[in-house]
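Worksheet for the structure shown next.
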Amino acid sequence: MAGTAARPARGARSTAAVRDNGGVRLSRKDVPIVAMSAEADWVSRFADEVIAEAERRAPGKPIVCASGLSPSGPIHLGNLREVMTPHLVADEIRRRGHEVVHIISFDDFDRFRKVPAGVDSSWSEHIGKPLSSVPAPPGSEYPNWAEHFKAPMIAALAELGVEYHGISQTAKYTSGAYRSQILLAMRERARIDEILDRYRTKGKAAKKAPQQGLDEAEAAAAEAAAEGSGAASEDDGTAAAGYFPYKPYCSVCDRDMTTVTAYDDETTELSYTCVCGHSETVRLSEFDRGKLVWKVDWPMRWAYEGVVFEPSGVDHSSPGSSFVVGGHIVKEIFGAEQPIGPMYAFVGISGMAKMSSSKGAVPTPADALGIMEAPLLRWLYARRRPNQSFKIAFDQEIQRTYDEWDTLRRKVHEGTALPADVAAYGRAAATAAGPLPTTPRPLPYRTLASIVDITTGHAEQTLRILRDLDPEHPITSLDETRPRLDRAERWVTTQVPAEQRTRVREEPDAALLASLGDRERESLRLLLDGLDDHWSLDGLTELVYGVPKVQAGLTPDAKPTPELKVAQREFFALLYTLLVGRDTGPRLPTLLLAAGADRVRELLGG
RNA sequence: GGGCCGCUAGCUCAAUGGCAGAGCUGCGGACUUUUAAUCCGUAGGUUCAGGGUUCGAGUCCCUGGCGGCCCA
């Protein structure tokens, strides 16, 4: 296991670090860091460990890292950790010049457990079938349930730069690829039963009893609650006729409500009955429509693929969990070794204005990539060790996350970042295959969000404001600020609550305008008279700060005094109230430009 | 009843047995600027508690506490 595996000697690591950093020169500008300090970074440490293990187990062969995904529903941001953890390690191994393959196993031959909320209840007739045999949810363009949920994940992985070898367990099982492993497991069923028995507790019989009282739907719901990359708890194959680690899908109804009643090692003839009334005897040396129970299936695949690194969720850390039991089975039955397998903690979400509550769904990688660029999402998974839980911000915090990312980027290029931060940045911004796409002019996310909020995405207004942000190097096309601009816009429109959006008033606040004193009327008049001559970001800045100065008898370039600052604040509050109905808002020059001169005149009583 | 993980600055986290560090927040300042803009500076610690190993412990061992997750 990961915790007890021998660490390579210090010298070995230093050598790796030198080789890693040698030969790659960074130009000061915009070339993402490909080499990085191999020190002080969890990815590097796992890579050291995995390489050493791989060379001990299978010298000269490609190093195998693996992930398992169950397409039983939306594949969410927690499941992404199942992929990102081995991806980052495999990528580091690849950067060091080793041959490595990252397998993503889609467990689409698992049983359909439960009809999720929002799907027609008639789908309950499919409970017990392989996920690849269940019709896709209504309205889907995909041929079956599994493909429907795999597709968006596959698209997200491409955008994230994750290189992998995908394996459909349906294809593997139904092609007979695992036949000899299945026959072996059946032959060794008594020993498997004995291994499982070590972890079955004495209270089991008493505990099982109440389960009988549950109806099918409740039982399915309870099982679904434990669902993960592979359920931590699942039918382990115990039946009245003895223990069998294999379960056939019924030839008639295609469900796994089957019970094995007899098996002959000599002929490989297996008899089963199904709740649908069907019963038959098949020859396991030819029959391909069934699978090993999860606790045997997983270690079988470790052995079959020669997996050296595969993480799993923390729910696998218990004594009787499939990871622990699998460690015994892979060694004692399949004669192979357990992968190095860190437990990863859960990924939380902060925010989520709309999506989760209405659809009953947790956000997916595709949702995250809608509001943030791929390198940023990669960074969130790279910067924390797998055993640390973290949150992905869908609320205002995303602005801070982006600020941190931009600051880190600057520091990395200046050479002032800490080694661990440099490493995380490098893993986020590029893979062994090269850098990920970036935004040519990465303006601060909060600025973009603020602008898009005011302009409601209107391209012409947006460009006008962006152009004036940096007059020395004006932005000439929105494309320079993409895709970050599009992410910010999507964030504003899908995640920012309506009451936090800036809404320029449709009609003038007649009552307020009528109640204004002479001094306030004069300030508005001064502003309106200056609009045409100051219609630029800088010009309007000068104007809005200048109006109170002129009123105080000062010149527009006078130094501010405490009294003047008070007057400015009052003036700004008045403008905000008249323009957006609140006493604060986006910086006024930006707001004025976005609203447009005609609307400003109307709202200010001009 | 058992297991895994965590506990370090106000917050989020670094630190491979060798001088406890970043980011954010806060505070102070600059920019004609208290905004949802930019930059500079600065403060901040009994590393959960107690014991042990060691020349040396945030780090390793033991006991306890608190928190999260899981199994039964």
Side-chain angles (χ1 to χ4, degrees), chain A residues 1 3 7-10 13-14 17 38-42 44-45 48 199-204 206-208 225-226 228 232-233 312-325 342-346 348 383-391 393 396-397 399-401 403-408 410-411 416-421 423-424 443-451 453-454 469-470 492 496 500-502 537-538 541-546 548-549 554-562 564-566 568-570 572-573 575-576 580 582-591:
Chain A
M1 284 178 65
R7 286 272 170 78
R10 175 178 290 261
R13 273 193 296 255
S14 301
E39 312 277 323
D41 166 37
W42 66 268
S44 252
R45 294 199 288 264
D48 292 339
Y199 294 96
R200 293 188 188 116
T201 48
K202 40 206 177 295
K204 185 191 170 208
K207 210 65 186 176
K208 276 280 180 190
S233 69
S312 52
V314 285
D315 51 328
H316 288 287
S317 61
S318 306
S321 77
S322 28
F323 187 81
V324 174
V325 175
M343 307 291 167
Y344 55 86
F346 291 112
R383 70 203 285 236
R384 301 281 179 242
R385 286 188 307 261
N387 63 1
Q388 289 176 272
S389 60
F390 67 90
K391 284 185 177 178
Q396 301 283 342
E397 284 288 292
Q399 298 180 333
R400 184 179 136 170
T401 307
D403 285 347
E404 267 190 79
W405 169 249
D406 286 342
T407 303
L408 172 61
R410 181 174 54 78
K411 290 193 165 189
T416 56
L418 263 42
D421 293 337
L443 299 172
Y445 190 87
R446 66 173 71 245
T447 303
L448 293 175
S450 179
I451 291 170
D453 177 37
I454 312 168
L469 281 179
D470 184 2
V492 167
V496 178
Q500 285 176 36
R501 296 287 306 271
T502 298
L537 216 48
D538 284 347
T541 303
E542 193 182 329
L543 181 62
V544 295
Y545 284 101
K549 295 179 189 174
L554 303 168
T555 58
D557 58 353
K559 278 282 181 186
T561 64
L564 185 60
K565 288 189 175 190
V566 172
Q568 285 173 337
R569 180 170 52 193
E570 286 173 358
F572 294 167
L575 291 178
Y576 283 125
V580 300
R582 271 184 307 201
D583 62 3
T584 188
R587 289 170 67 83
L588 281 167
T590 316
L591 179 58

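All heavy atoms count here, side chains included; hydrogens, waters and symmetry mates do not. Each chain gets a letter, A, B and so on, in the order its sequence line appears, and its residues count up from 1.
In this structure, OH of A:Tyr344 is placed 17 Å from P of B:C69, rounded to the nearest angstrom. Counting to the nearest Å, the P atom of B:C5 and the CZ atom of A:Phe323 are 12 Å from each other. A:Ile454 has its CD1 atom 12 Å from the P atom of B:A37, to the nearest Å. Atom CE in A:Met343 sits about 12 Å away from atom P in B:G6, given to the nearest Å. Rounded to an integer number of Å, the gap from CG of A:Asp403 to C1' of B:C39 is 14 Å. Going from atom CZ of A:Phe572 over to atom P of B:U32 covers 14 Å, rounded to whole Å. Between A:Gln568 atom CD and B:U32 atom C1' the separation is 8 Å, expressed in whole Å. Remark: C1' of B:C24 and CD of A:Glu397 are 9 Å apart, rounded to the nearest angstrom.
In this structure, A:Asp453 and A:Val496 have side chains that are not in contact, with every pair of non-hydrogen atoms separated by 4.5 Å or more. A:Arg383 places none of its side-chain heavy atoms less than 4.5 Å from the side chain of A:Phe390. Looking at heavy atoms from C-beta onward, A:Tyr445 lies out of side-chain contact with A:Thr401 at the 4.5 angstrom threshold. In this structure, the side chains of A:Lys549 and A:Gln568 come closer than 4.5 Å at one or more pairs of heavy atoms.
Between A:Thr407 atom OG1 and A:Glu404 atom CD the span is 7.5 Å, to the nearest 0.5 Å.
Taking only side-chain nitrogens and oxygens, A:Asn387 never comes nearer than 4.0 Å to OP1 or OP2 of B:C4. Contact check, A:Lys411 against B:A22: no side-chain N or O comes under 4.0 Å of OP1 or OP2. Between B:U35 and A:Arg446, no contact under 4.0 Å exists linking OP1 or OP2 to a side-chain N or O.
Using C1' as the reference atom, B:G10 and B:G26 are 8 Å apart when rounded to the nearest Å. One P atom belongs to B:U42, the other to B:U46, and the distance between them is 22 Å to the nearest Å. Between the C1' atoms of B:G17 and B:C55, the separation comes to 12 Å (whole Å). For B:C7 and B:A15, the P atoms lie 10 Å apart once the distance is rounded to whole Å. Across the C1' atoms, B:C62 and B:C19 are found 29 Å apart, a figure rounded to whole Å. The gap from the C1' atom of B:C48 to that of B:U8 amounts to 10 Å, rounded to the nearest Å. Across B:A43 and B:G50, the matching P atoms stand 28 Å from one another, rounded to whole Å. Rounded to whole Å, the separation between the C1' atoms of B:G58 and B:U47 comes to 5 Å.
Base pairing in RNA chain B yields stems of at least 3 consecutive Watson-Crick or G-U pairs, both distances under 3.5 Å, namely B:1-7 with B:65-71, B:10-13 with B:21-24, B:26-30 with B:38-42, B:48-52 with B:60-64.
Nearest to the side-chain atoms of A:Phe346 among the listed nucleotides B:G23, B:U33, B:C69 stands B:C69.
Residue contacts for A:Arg587: at a heavy-atom cut-off of 4.0 Å it reaches a base atom on one of the strands shown. A:Gln399 comes within 4.0 angstrom of nothing in the nucleic acid, heavy atoms only. Among the atoms of the strands shown, none is found under 4.0 Å from any heavy atom of A:Lys391.
Considering all non-hydrogen atoms of both residues, A:Val492 and A:Ala449 come closest at CG2-O, 3.5 Å. Contact record, A:Trp42 with A:Arg384: NE1-O, 3.1 Å, taken as the closest heavy-atom pair. When all heavy atoms of A:Thr590 and A:Ile454 are compared, the closest pair comes out as CG2-CD1, 3.9 Å. Residues A:Gln388 and A:Ala345 share a closest heavy-atom pair of C-CB, 3.7 Å. Taking both residues in full, the closest heavy atoms of A:Pro586 and A:Tyr576 are given as O-OH, 2.7 Å, listed atom of the first, atom of the second, then distance.
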Quick tally for nucleotides 7-13 of chain B: nucleotides whose base has a protein heavy atom under 4.0 Å get B, sugar-phosphate-only ones S, the rest -, giving -----SS

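Two residues, A:Leu588 and A:Thr407, neighbour RNA chain B, and the one matched to the more 5' nucleotide by heavy-atom proximity is A:Thr407.
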